[in-house]
2 protein chains.
Amino acid sequence: MSTHPILASAAETDAFSADCPTREILDRLGSKWVSLIIVALADRPHYFGELLRRIEGVSKKMLVQSLRILESYGIIDREPKKVGAVVKVCYRLTEQGKSLVEPLFAVYAWAQQNTDTMLSSQEVYNRTVSRRATHP
Amino acid sequence: MSTHPILASAAETDAFSADCPTREILDRLGSKWVSLIIVALADRPHYFGELLRRIEGVSKKMLVQSLRILESYGIIDREPKKVGAVVKVCYRLTEQGKSLVEPLFAVYAWAQQNTDTMLSSQEVYNRTVSRRATHP
DNA sequence: CGGTATCCAATAAGATACTG
DNA sequence: CAGTATCTTATTGGATACCG
């Protein structure tokens, strides 16, 4: 009855276990800035400053932190380069990082396609104060 | 030079914009418990108590909160059912929710396949105290 | 430019107790 | 069983200032 073989693995994943290391990885990948960085670098390599400007709302602190996580996992490479007079630091996806792009983008594409539906569903839901309706 | 058409969209996504609604959706989907719930429900519908026991480490509070988010988005359905003497609440994916399973699972599969590599890469990285090495 | 360091506010989340 | 309510702690993250 399962429509897709991939569903079968849901029963077998060990991600439900509290000490499953994959869980921590997923947690980090799911983090706001980390995934945006990967999407940006999927486009092309970026200098630090470029990322800072391109990813609206990210602070220097969070950008550095997220980049370090990705670097430690071997998902991105960090390369300081002389550009004119100054040294800039260029970040790019490793081969491993590139292999993450397709699955990650599938989720992005889904989210973009379903955002409108979900937001209007949410509005309806919020007006339906059936449960939990005490007073403001 | 782009190896895959999907990469092209990276340049065009509006997710970099701070007020992009898709960003918030992605944020929520990326959250620890939300994604684990979807994976569990991809397997089969679950009662609340089943989810609580299956997803190790989740608290009642976080489980309820995450389920409400998914329900409000129309990703899951909530159905109270008489089971013997008591009423249990059954959660299952909606059709929309089911459409999320495949992309989400692609990321899960990637993470599971790459966990070992990433963890050992991280160990090496942590021993390399080249940058930022002040004292404990 | 590409970071670090520090401080502080906001938020998330665990524990616990209670309810229909 | 499936929540709600409340309190408290832990973690996150933004602002700011400074450094090589």
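Values reported hereafter were calculated over all heavy atoms of this structure, with side chains retained and with hydrogens, waters and symmetry mates removed.
Sequence order on DNA chain D of the closest nucleotides to B:L67 and A:V58 puts B:L67 first from the 5' end. Mapping A:V87 and A:K61 onto DNA chain C by nearest heavy atom places A:V87 at the nucleotide closer to the 5' end.
Between its two ends, the helix from C:dC1-D:dG20 to C:dG20-D:dC1 turns its axis by 50°, counting five pairs per end and rounding to 10 degrees.
At the phosphate of C:dA13, neither OP1 nor OP2 sits under 4.0 Å from any side-chain N or O atom of B:S59. In terms of phosphate contacts, A:Y47 brings no side-chain nitrogen or oxygen within less than 4.0 Å of OP1 or OP2 of C:dG3. Here A:R78 reaches the OP1 or OP2 of C:dG3: one of its side-chain N or O atoms lies under 4.0 Å away. The phosphate of C:dG3 (OP1 or OP2) has a side-chain N or O of A:R68 nearer than 4.0 angstrom. For B:Y91 and D:dG3, the shortest distance from a side-chain N or O to OP1 or OP2 is below 4.0 Å.
In this structure, NZ of B:K60 is placed 13 Å from P of C:dA17, rounded to the nearest angstrom. Taking atom CE on A:M62 and atom P on D:dT12, their separation rounds to 8 Å, with Å as the unit. D:dA2 atom P lies 9 Å from atom CG of B:L52, rounded to whole Å. Rounded to an integer number of Å, the gap from B:L63 CG to D:dC1 P is 13 Å.
Not counting sequence neighbours, B:E56 has no partner by the side-chain hydrogen bond (donor to acceptor under 3.5 Å, both in side chains) test. A:T115 pairs by the side-chain contact (heavy atoms from CB on, under 4.5 Å) definition with A:L119, B:P21, B:T22, B:I25, not counting sequence neighbours.
Distances from the side chain of B:V64 to the nucleotides D:dA2, C:dG2, D:dG3 place D:dG3 closest.
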